[in-house]
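Here the structure comes first, spelled out in structure tokens, and everything after it is commentary.
Because the structure is a prediction, the values reported are computed rather than measured. So that the names make sense, note that chain A is the first sequence line, chain B the second, and so on, each numbered from 1.
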Protein chains: 2
Amino acid sequence: MLSLVEENYLKAIYHLSEGGQAQVSTNAIADAIHTKPASVSDMIQKLDRKRVIQYTKYQGVKVTKEGKEAALKVIRKHRLWEVFLVEQLNFNWDEVHDVAEQLEHIKSPLLIERLDAFLGHPKVDPHGDPIPDAQGVINTKPQKPLHQLDLGAEAIIRAVKDSSPAFLRHLDKLGAYLGAGVKILEKEEFDNSMQIQIDQSTVVFISNEVGQNILVQEN
Amino acid sequence: MLSLVEENYLKAIYHLSEGGQAQVSTNAIADAIHTKPASVSDMIQKLDRKRVIQYTKYQGVKVTKEGKEAALKVIRKHRLWEVFLVEQLNFNWDEVHDVAEQLEHIKSPLLIERLDAFLGHPKVDPHGDPIPDAQGVINTKPQKPLHQLDLGAEAIIRAVKDSSPAFLRHLDKLGAYLGAGVKILEKEEFDNSMQIQIDQSTVVFISNEVGQNILVQEN
DNA sequence: ATATATTTTTAGATGATTCTAAATTATATT
DNA sequence: AATATAATTTAGAATCATCTAAAAATATAT
């Protein structure tokens, strides 16, 4: 059984390792969780003892099979709660993250399965991130950052890489949302900014930073 | 700001003091929270420093105005979540307590107000306990234990004193539920057991223990 | 290949919550 | 009022998660 804090470490490590594949460094974890490397060093040794990660001194850590399962359970809960907040309680997509960070630690298998059914077994959360099923199966569709599209290309916004309120509110202002169709009207080589058309009507300028954090599926 | 553990202490003290009125002893708190008196002694000194209770050495504690407000906020959250679990997620009334114990500590004023609206501003939880409103106002209707009713008296079941799964499942078996009409058919002086009629049909025997934990409103 | 910079780990300390055991205070009984 | 019993508090220790400062290991750059 993992503590709340341990769950947060594991989740961060899982995200940093891109689904449990890559090795993750102590400093990267410290940055992600806003703690000091010394604290991370302690904690990863504890998580290694609990067999959810494999730790080699000075070499960083890798998520184990058990660790991946545990991480996906937390992620499943986080994303289901986000759907609940947006679809049932009328939260905006930029308001859900902090609350879901708390709700994801509620321990009750019955609760999460009932919630999943209540929401109609949603496949993605309000930011387009896929929701693992009860068995931990997560299906990711091929998506690429908007700024990689060629001039004239058309695509549909499927997800956002950055779920911070600041970024999401910016997208709200632009009129960009999940499911919206976009077309690249102009690309500025110099700073990677673009001019895009949203839903065959609105035309907006977006910076490189914004373009990198919008994930699309090409038509 | 109170920690999760502090909130649990304060809530227990509030309940033991019958709404913040009475003085509560160290041992009573230890029993209620299943900790040792020594731990309680430490914690009540901390809660006194935080001004939510008033502590006098060797004399027990009393909830302050601020403490009552804080306790009612936690109780409000607990009961609203219970309503959500039963009405929206089809939990039985004996399954909600442990989950609500976790959910009551989620910190988000927006969440709880949205949840309250979503549920239609319920006035009581699945055990008949009144839900404080956002201002902490809690309206209690006059209720008495079933076993105090006279022979032949009729009443409506309004709440239960004991919310343990064991007791609630027993009530399910008897066919007793909130809102059910009851009539006292027989009273046994010797052991305080009774024979009662539920909803003008079922006739059941109930022990003194059961009768004391069912709260009714007389017609 | 060696010096320097960076990363990581360890050592030692702190605060929160809990415990056991011992000491103290209050209460109840004769 | 004296004593026995019960309740309460304190002292000291353990665990969890965190930190700073210092040491050790690894990586990088000439």
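Residue pairs that meet the ring pair (Phe, Tyr, Trp, His ring centres under 6.0 Å) test with at least one member in residues 85-115 of chain A, sequence neighbours left out, are A/H78-A/H97.
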Output a table of nitrogen or oxygen pairs between the protein and nucleotides 9-11 of chain D separated by less than 3.5 Å.
residue: D/dT9; atom: OP1; partner: B/Y55; partner atom: OH; Å: 2.5
residue: D/dT9; atom: OP1; partner: B/Y58; partner atom: N; Å: 2.9
residue: D/dT9; atom: OP2; partner: B/T26; partner atom: OG1; Å: 3.0
residue: D/dT9; atom: OP2; partner: B/S41; partner atom: OG; Å: 2.8
residue: D/dT9; atom: O5'; partner: B/S41; partner atom: OG; Å: 3.1
residue: D/dT9; atom: O5'; partner: B/Y55; partner atom: OH; Å: 3.4
residue: D/dT10; atom: OP1; partner: B/K57; partner atom: NZ; Å: 2.9
residue: D/dT10; atom: OP2; partner: B/Q45; partner atom: NE2; Å: 3.1

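With sequence neighbours excluded, no residue satisfies side-chain contact (heavy atoms from CB on, under 4.5 Å) with B/D150. With sequence neighbours left out, B/E186 forms a side chain to side chain donor-acceptor pair (under 3.5 Å) with no residue at all. Every residue was checked against the side chain to side chain donor-acceptor pair (under 3.5 Å) condition with B/H15, not counting sequence neighbours, and none meets it. B/Y9 is linked by a ring pair (Phe, Tyr, Trp, His ring centres under 6.0 Å) to nothing, counting only residues two or more places apart in sequence or in another chain. Under the salt bridge (Lys or Arg N to Asp or Glu O under 4.0 Å) criterion, B/K65 pairs with B/E69, sequence neighbours left out.
Rounded to an integer number of Å, the gap from CE of A/M43 to P of D/dC16 is 10 Å. Between the CD1 atom of A/I29 and the C1' atom of D/dT18 there is a distance of 16 Å, given to the nearest Å. When the C1' atom of D/dT8 is taken as reference, atom CG of B/D31 falls 14 Å away, rounded to whole Å. A straight line from NZ of A/K36 to C1' of C/dT7 spans 15 Å, rounded to a whole angstrom.
Proximity of residues 3-17 of chain B to DNA chain D (heavy atom under 4.0 angstrom from any strand atom) is not detected for any residue.
Ring geometry for B/W81 versus A/F84: interplanar angle of 30 to 60°, hence tilted.
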Enumerate donor-acceptor pairs with a distance under 3.5 Å from any side-chain N or O in residues 29-38 of chain A to protein atoms, sequence neighbours excluded.
none

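For the OP1/OP2 pair of D/dT8 and a distance below 4.0 Å, the side-chain nitrogens and oxygens of B/N27 include at least one atom meeting the criterion.
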